[in-house]
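Everything on this sheet refers to the single structure shown next.
Both ligands and their constituent atoms are indexed starting at 1 by order of listing.
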Amino acid sequence: MTGLTRREAVGLGLVGAAAPTLTALAQPRPASLERPGSLIGFASMIQDFRADPRFREMLLNQADIITPMNDLKWAQLRPKRDAFDFVDADEAIAFARANGKRVHGHALVWHDALPGWTRAIVSRSEAERELERHIETVLARYKGKVESWDVVNEVIAHDPRPDAPMRQGFWLSRLGPGYVETAFRLASRADPAARLVINDYDLEDPSPRTANRRRILLGMLRDLKAKGLPVHAVGMQAHLYGEREIDRKGLEAFVGELDRMGVDLMITELDVIDWQLPAKPDERDAAAAKLVATLLDAVSVTKPPQAIISWGISDRSSWISEVFKRQDGLANRPLPFDAEFREKPVWRVIASRRARNGSRS
Ligand code: XIL
């Protein structure tokens, strides 16, 4: 570890890891080049990663941190009840580790992407048993390799009501609202060193619904903290709608409150839903860059987010093109690189936030 202090090595997630590219990262850097900033990265889809070397090159050259996009979801890991399938996840994570990248795990508990066999689980005790088996098995395998986890994903109701603050779905119906606490308890026991994240969407626009969602999230955090559970960060998905504003004031207050609670912020699934933005690529890309810059400024008032992770790399491959198609039939442009892997203005905004020493401050 020449050239790296222990603190820096821990910061880079390298301690204890056999990282062949250590020497490349270990070059001493003048203090003047260090500055507070974020880890920058991408969610990566295993099919693209295998099929097109340009995706791998982008990860190698541009990412500090990688999220396997779908490989750690229940549907992928647990096609059958009694057999885990780690093939895709192992490949994505081994690539990241071998190249000195951090890994963010997505997601241990989600109402979506559940394999069909879970529908047969009706009793509370059976659901609890499967949840425990899942978290223990997955974290045992990736301990020391996946530094942070979305422990729960999308647990707040889309439009919360006072009597129904949490999203209806499999886990709530089988285990009641305590499943969030259970998941954090299991995760912290299975990997005490992992950074545990509560991840959700629609946290940034100025609507009363979104303000309500933030308020409920803060309440859940207070509750989890009061019970002594380690929740290290909020994951803000940040699938930004081009036609919505960013609630600067609301977000500044929100991150201020997180800071007071000792909870960090990660941007976990950044992209721009451009279905209603102008047709002209230049105008559309400029609007996307402005939206992302506004978001990043608003959430950085106390300190920069720990990580800024785009939900994909190139406009060639994004869920936005499936779910939020444009009426004019033009291709979506949701990501930092275009279909030919040329950088777009939004990439310059994101890359300018990178911590200079490659580790977060
Ligand atoms: C999406 C993936 O991008 C798609 O490839 C997959 O088919 C469906 O899931 N919020 C989440 C992510 O937390 O897991 C979703 O990812 C996008 C919305």
Side-chain angles (χ1 to χ4, degrees), residues 41-52 55 58-59 63 65-79 85 88-89 91-93 103-116 118 134 138 146 148-159 166-172 180 183 187 196-205 210 213 217 233-242 244 265-275 295 307-325 331-337 339:
F42 308 98
S44 159
M45 200 144 113
I46 196 77
Q47 294 84 351
D48 298 332
F49 174 86
R50 287 184 181 139
D52 187 339
F55 282 95
M58 292 297 297
L59 294 174
I65 182 164
I66 298 172
T67 305
M69 185 181 281
N70 295 311
D71 316 314
L72 292 165
K73 293 174 179 173
W74 276 60
Q76 275 72 13
L77 285 181
R78 311 212 36 201
D85 178 353
D88 294 353
E91 184 178 338
I93 292 167
V103 180
H104 178 65
H106 173 81
L108 294 171
V109 181
W110 191 26
H111 66 272
D112 205 351
L114 287 167
T118 55
H134 184 83
V138 175
V146 173
S148 54
W149 278 99
D150 292 333
V151 176
V152 294
N153 188 33
E154 303 184 346
V155 297
I156 301 164
H158 179 74
D159 189 0
M166 293 179 71
R167 177 182 274 271
Q168 298 300 323
F170 178 80
W171 296 108
L172 186 66
V180 173
L196 306 182
V197 182
I198 181 164
N199 198 50
D200 224 306
Y201 69 98
D202 276 0
L203 296 169
E204 58 280 324
D205 71 84
T210 292
R213 287 171 56 78
L217 179 51
V234 162
M236 181 181 279
Q237 289 189 0
H239 298 293
L240 306 180
Y241 287 79
R244 295 185 191 167
L265 182 79
M266 296 173 77
I267 306 290
T268 50
E269 306 186 14
L270 182 63
D271 51 24
V272 175
I273 302 170
D274 62 335
W275 60 349
L295 172 82
I308 305 171
I309 302 171
S310 289
W311 203 242
I313 300 169
S314 148
D315 292 336
R316 191 165 272 269
S317 174
S318 164
W319 74 301
I320 299 295
S321 318
E322 312 296 323
V323 179
F324 300 94
K325 287 190 195 305
N332 292 87
R333 303 176 63 84
L335 288 167
F337 293 86

Subject >> Test side-chain hydrogen bond (donor to acceptor under 3.5 Å, both in side chains) applied to Q168 - qualifying residues, sequence neighbours left out >> reply: none

**OP:** Establish, yes or no, whether a centroid distance under 6.0 Å links the rings of F55 and F42.
**Re:** no

Original post:
Quick check, are the ring centers of W74 and H134 under 6.0 angstrom apart?
Top reply: yes

**OP:** Over 60° means perpendicular and under 30° means parallel, so classify the ring planes of H158 and Y201, tilted if in between.
**Re:** parallel

**OP:** Check the angle between the aromatic planes of W319 and H239 and answer parallel, tilted or perpendicular using the 30° and 60° thresholds.
**Re:** perpendicular

Original post:
Quick one: do D202 and R244 make a salt bridge, cutoff under 4.0 Å?
Top reply: yes

Subject >> Residue shell around ligand 1, heavy atom under 4.0 angstrom >> reply: M45, M69, N70, K73, H106, W110, N153, E154, Q237, H239, E269, W311, W319

